[in-house]
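Keep in mind the model is a prediction, meaning the values are calculated, not measured.
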Amino acid sequence: MSLLSSVQSPADLKRLPANSLPELSQEIRDFLIEAVSRTGGHLGPNLGVVELTIALHRVFDSPRDRILFDTGHQAYVHKLLTGRQDFSRLRAKGGLSGYPSRAESEHDVIENSHASTVLSYADGIAKAHQLQGRRDRQTVAVIGDGALTGGLAWEAMNNIAEAQDRPLVIVVNDNERSYAKTIGGLANHLSTLRTTQGYERFLSWGKEALQRTPVVGQPIFEALHGAKKGFKDSFAPQGMFEDLGLKYLGPIDGHDIAAVESALRKARGFGGPVIVHCLTVKGRGYRPAELDEADRFHAVGAMDPYTCLPLSPGGGTSWTSVFGEEMLAVGTQRPDVVAITAAMLQPVGLAPFAKAFPQRIFDVGIAEQHAVASAAGLATAGLHPVVAVYATFLNRAFDQVLMDVALHRLGVTFVLDRAGVTGNDGASHNGMWDMSILQVVPGLRLAAPRDAEQLKAQLREALEVTDAPTVVRFPKGEIAPVHPAVEHLGGVDVLQRTGVPGRTGQQILLVSVGTMAGACLDAAALLTADGFATTVVDPRWVKPVDPALVKLAAAHQLVVTVEDNGRAGGVGAAVAQALRDADVDTPLRDLGLRQEFLEHAGRGEIMEEAGLTGTGIAAQAAAFAKHLLTDRGVNEPRAS
């Protein structure tokens with residue numbers, strides 16, 4: 001039996017002798033490389049926290065002690081040590097989540113995979129323990145140096161430091177990276193800390209040497225110790241943390257289990273808030289990851305672990321790459337266009353722009369609120385900023401979109417990658433909220449391109465708007481096939497009109513939002529075969545609702561909107577309101593995602609379950625039509 005298979009709980013881990021832990025660490029790395037290579041997932045971050053996670057579970061008593069992971073993509077080792085060693089369906093339907101999951105284990109606490117939140121959770125849990133008299137409980141928050149670039153982390157730290165008698169251990173997993181290299185003043189500060197490890201050793205040596213000196217030794221040491229604050233600030237800038245009222249331990253080699261355990265035990269016994277600063281290497285123990293300068297194999301697809309080649313050849317061009325190429329082209333033509341992202345330069349496709357125009361790219365770290373407010377400043381000064389983030393992460397900066405950009409009628413373009421269903425990354429990564437949240441922003445214009453040509457065109461259209469925020473959204477994955485318009489009505493593209501022999505009038509108007517065009521065209525073919533004349537349109541700009549779309553709706557007997565967004569307050573709701581405002585009484589049915597947190601699964605599986613395939617759309621539209629049109633006395637479709 002392997003050491004890893006013998007560890008089914010933290011209690012099993014504690015029983016292992018210390019000299020067996022290097023072997024366990026190697027088994028865990030071998031397991032991760034083999035398992036994650038088969039399924040895809042977050043490989044580099046987990047290879048970097050093997051020893052750190054082992055030490056955490058040997059020192060603390062989970063689940064009585066609450067061990068919280070910020071973001072959670074680095075929790076695979078935690079899963080292995082808490083009895084979850086079947087990674088065969090990692091991130092797939094019915095398999096383990098790629099993040100902590102309360103449904104999986106009592107050892108998991110936070111499921112939200114948005115960064116920089118863990119210290120606030122920890123602050124609340126520690127306060128609750130104190131109020132309830134649970135003095136035997138510890139609260140431990142593991143946060144990466146990348147997540148410390150988020151302002152929420154510092155708001156929490158300011159509050160944590162307020163209570164010096166409230167136990168809370170903050171473990172900083174410092175690998176100099178989030179997706180890519182961590183940037184900004186904090187990164188520079190932590191870098192300085194990495195170079196001053198000799199300070200604590202010097203102080204320890206000084207204490208021993210001076211206390212051996214008769215008569216004057218102890219007073220001299222006490223005087224030096226009293227001057228510690230000023231001396232330490234000049235010798236090592238961990239004073240920043242201590243100025244907040246936080247005890248600081250480190251830097252510590254995060255791959256030395258004994259050293260990490262020792263530091264964690266000291267922190268556990270302190271009785272107040274403590275920072276334990278651990279230095280780790282992302283991708284540790286897997287040479288291809290260690291050599292990958294882009295992101296150290298932050299997230300990989302299924303691949304051969306020896307050659308690192310994908311197990312299945314990539315299909316076509318990605319949405320992200322099309323955006324990246326068009327941004328590069330725009331940048332050569334328009335010196336006023338600048339780009340901003342929040343620690344996601346590579347994932348959102350801005351690397352080519354950054355290489356060509358290094359002075360016009362701003363990676364602000366995991367600080368979406370600052371990104372948007374800073375964009376407002378750039379626009380105020382006459383530039384046109386493009387803020388590129390994952391759709392789900394714009395949620396964090398809604399107030400800045402509303403009050404700092406829209407209120408001031410500023411020309412800022414937001415490009416939302418991973419919009420709609422992302423699938424395998426689970427509930428907090430699905431970009432299914434943006435078209436609902438942004439509906440309430442006055443003046444904002446929102447585009448949902450259906451293919452590569454539309455993405456290029458609508459990005460350029462957005463950049464021509466100087467007096468309002470614009471949004472261009474697209475999904476994860478390969479670009480959709482081109483669906484040319486057969487007709488243009490106002491700003492609306494008509495993709496298809498079908499007629500039924502012997503019938504007059506148009507019956508069903510399918511309003512396709514963005515990449516739903518293919519499914520809607522498939523649905524139209526099925527509906528036509530079932531006897532329904534169908535028109536398929538793409539509004540292109542879904543906010544505001546185009547008056548041409550209202551006129552089209554008035555000429556049909558039923559409108560069905562189809563979007564990869566939550567139904568509550570989405571495009572369907574906006575179109576329905578526009579019809580009411582124009583006194584158009586054509587019935588409308590909106591198809592979209594259930595307004596709930598979706599379990600991790602493949603994008604195709606989720607879309608099928610939601611009825612957002614050609615077959616699903618046709619079946620629902622036909623059912624609506626047969627019910628509504630028959631009630632209204634319209635000619636019934638022929639039997640199929």
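Thr320 and Pro347 get closest at one heavy-atom pair: CG2-O, 3.4 Å.
Taking the side chain as every heavy atom from C-beta outward, Phe597 and Asn430 never approach each other to under 4.5 Å. Using a 4.5 Å heavy-atom threshold, the side chains of Arg66 and Arg137 count as separate. Within the 4.5 Å cutoff, the side chain of Glu27 has no heavy atoms near those of the Val7 side chain. Between Phe323 and Val415, the closest side-chain pair of non-hydrogen atoms falls below 4.5 Å.
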Working note: Met344 + Leu350, criterion side chain to side chain contact (heavy atoms under 4.5 Å, CB included); need CA distance, chi angles, decisive distance, verdict.
CA-CA 8 Å; Met344 305 192 78; Leu350 285 175; over 6 Å; no
Let me see the working for Asp61 and Arg268 under salt bridge (Lys or Arg N to Asp or Glu O under 4.0 Å), right down to the final yes or no.
CA-CA 11 Å; Asp61 295 318; Arg268 184 184 63 188; 5.7 Å; no
Steps toward side chain to side chain contact (heavy atoms under 4.5 Å, CB included) verdict (Glu609, Leu598)
CA-CA 11 Å; Glu609 286 182 4; Leu598 305 176; over 6 Å; no
Salt bridge (Lys or Arg N to Asp or Glu O under 4.0 Å) between Asp425 and Arg91: does it pass, once the steps are laid out?
CA-CA 7 Å; Asp425 283 326; Arg91 301 168 66 243; 3.2 Å; yes
Checking salt bridge (Lys or Arg N to Asp or Glu O under 4.0 Å) for the pair Arg58/Glu261: CA distance, chi angles, key distance, verdict?
CA-CA 8 Å; Arg58 282 172 62 85; Glu261 284 190 20; 2.5 Å; yes
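Residue Arg29 is tested with Glu51, Glu34, Glu290 for a salt bridge (charged side-chain N to carboxylate O under 4.0 Å, His left out); the sole match is Glu51.
In summary, the aromatic rings of His429 and His600 are positioned with their centroids too far apart to meet the 6.0 Å limit.
There is a side-chain donor-acceptor pair under 3.5 Å between Gln26 and Asp30. Under 3.5 Å, the side chains of Asp108 and His78 contain a donor-acceptor pair of N or O atoms. Between the side chains of His107 and Ser62, at least one donor N or O sits under 3.5 Å from an acceptor N or O.
Using bins of under 30°, 30° to 60° and over 60° for the plane-to-plane angle, the ring pair Phe297/Tyr286 lands in the perpendicular bin.
Distance CG/Leu24 to CZ/Phe31: 12.0 Å, rounded to 0.5 Å. Remark: Leu80 CG to Ser5 OG distance equals 11.5 Å, nearest 0.5 Å.
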